[in-house]
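Okay, so here's the structure we're looking at.
Given the structure is predicted, the values throughout are model-derived calculations rather than measurements.
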Amino acid sequence: QVQLVESGGGSVQAGGSLRLSCVVSRYIYSSVYSSYCMGWFRQAPGKEREAVATIDNGGVSRYADSVKGRFTISQDNAKNTLYLQMNNLKPDDTSVYYCAADLRACPYWRWLLLTARDFAYWGQGTQVTVSS
């Protein structure tokens with residue numbers, strides 16, 4: 001059973017920083033699997049869930065244009081943990097943030113079309129609120 005548990009959300013003023021963490025069950029980070037794709041998504045009220053950043057088993061990362069230069073995705077395999085460092089936060093970043101995982105390679109050829117259906121496993125979400 002794959003489990004993802006996020007933490008680190010909260011409220012912050014514009015320009016501030018937060019770091020989200022996602023503890024991943026060892027099942028995914030086991031060396032048995034040659035490829036996986038881990039990601040962070042977010043969903044604001046009344047909007048579709050959108051991809052924020054992804055990282056794969058080779059450490060290759062991709063970001064949505066809206067967060068490039070401000071957010072950094074990383075992973076610590078020894079701790080089975082995925083991170084999202086968010087700096088210079090803006091009110092538009094206010095959303096519920098979800099950790100996601102799939103045991104397939106990240107679909108870079110259509111990354112801009114990435115949707116929730118591309119990931120099989122999800123965390124419960126953590127709220128991030130940025131005030132102006």
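- Of all non-hydrogen atoms in Arg49 and Ala116, the two that sit nearest each other are CD-CB, 4.4 Å.
- Under the 4.5 Å side-chain criterion, counting only non-hydrogen atoms from C-beta, Val23 is not in contact with Leu4.
- Within 6.0 Å of CD in Gln13 there are 12 or fewer heavy atoms belonging to other residues, nucleotides or ligands.
- At a threshold of 4.5 Å between non-hydrogen side-chain atoms, the residues Tyr121 and Asp102 do not count as touching.
- For the pair Thr126/Leu20, a side-chain contact is recorded, criterion being any heavy-atom separation below 4.5 Å from C-beta on.
- Between Leu82 and Ile55 the shortest side-chain heavy-atom distance falls below 4.5 Å.
- Nearest heavy-atom pair, Met38 versus Ala101, reported as atom, atom and distance to 0.1 Å: SD-CB, 3.4 Å.
- With 3.5 Å as the limit, one finds no donor-acceptor pair spanning the side chains of Thr81 and Asp76.
- With values rounded to the nearest 0.5 angstrom, Asn80 atom CG is found 8.0 Å from Ser25 atom OG.
- Closest approach of Leu84 and Ala53 over heavy atoms only: CD1-CB, 4.4 Å.
- Within the 4.5 Å cutoff, the side chain of Gln43 has no heavy atoms near those of the Glu50 side chain.
- Listed here is the closest heavy atom pair of Ser131 and Pro91: C-CG, 4.5 Å.
- Taking a 4.5 Å side-chain heavy-atom cut-off between Ile, Leu, Val, Met, Phe, Trp and Tyr, the cluster of Tyr98 extends to Phe41, Val60, Val96, Tyr108, Trp111, Leu112, Leu114, Phe119, Trp122.
- Taking Ser66 as the reference, Arg42, Ala64 meet the side chain to side chain contact (heavy atoms under 4.5 Å, CB included) condition, with sequence neighbours excluded.
- Here Thr54 contributes atom OG1 and Arg62 contributes atom CZ; the two are 7.0 Å apart, rounded to the nearest 0.5 Å.
- Comment: Asp118 engages Arg110 in a salt bridge, judged by a side-chain N to carboxylate O separation of less than 4.0 angstrom.
- Proximity of Tyr36 to Gln75: side-chain heavy atoms (C-beta onward) are separated by under 4.5 Å at one or more points.
- Expressed to the nearest 0.5 Å, how far CD of Gln127 lies from OG of Ser11 amounts to 7.5 Å.
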Problem set entry | Pair Phe71-Val52, side chain to side chain contact (heavy atoms under 4.5 Å, CB included): steps then yes or no | CA-CA 9 Å; Phe71 291 11; Val52 174; 3.6 Å; yes

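- Rounding to the nearest 0.5 Å places CG of Asn57 at 8.0 Å from SG of Cys106.
- Checking side-chain atoms of Glu6 against main-chain N and O of Gly125 turns up a donor-acceptor pair under 3.5 Å.
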For this session: List the steps and the verdict of side chain to side chain contact (heavy atoms under 4.5 Å, CB included) for Thr94 and Val128.
Result: CA-CA 5 Å; Thr94 296; Val128 171; 5.9 Å; no

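- The closest side-chain heavy-atom distance from Asp93 to Arg70 is below 4.5 Å.
- Under a hydrophobic-cluster definition in which Ile, Leu, Val, Met, Phe, Trp and Tyr are linked whenever side-chain heavy atoms come within less than 4.5 Å, directly or via other members, Met86 and Tyr83 are assigned to different clusters.
- Residues Tyr63 and Ile73 have side chains in contact (heavy-atom distance under 4.5 Å, counting atoms from C-beta outward).
- Under the 3.5 Å distance criterion, the side-chain polar atoms of Ser95 are left unmatched by any main-chain donor or acceptor of Tyr97.
- Considering CD of Gln85 and OG of Ser17, their distance stands at 6.0 Å, rounded to 0.5 Å.
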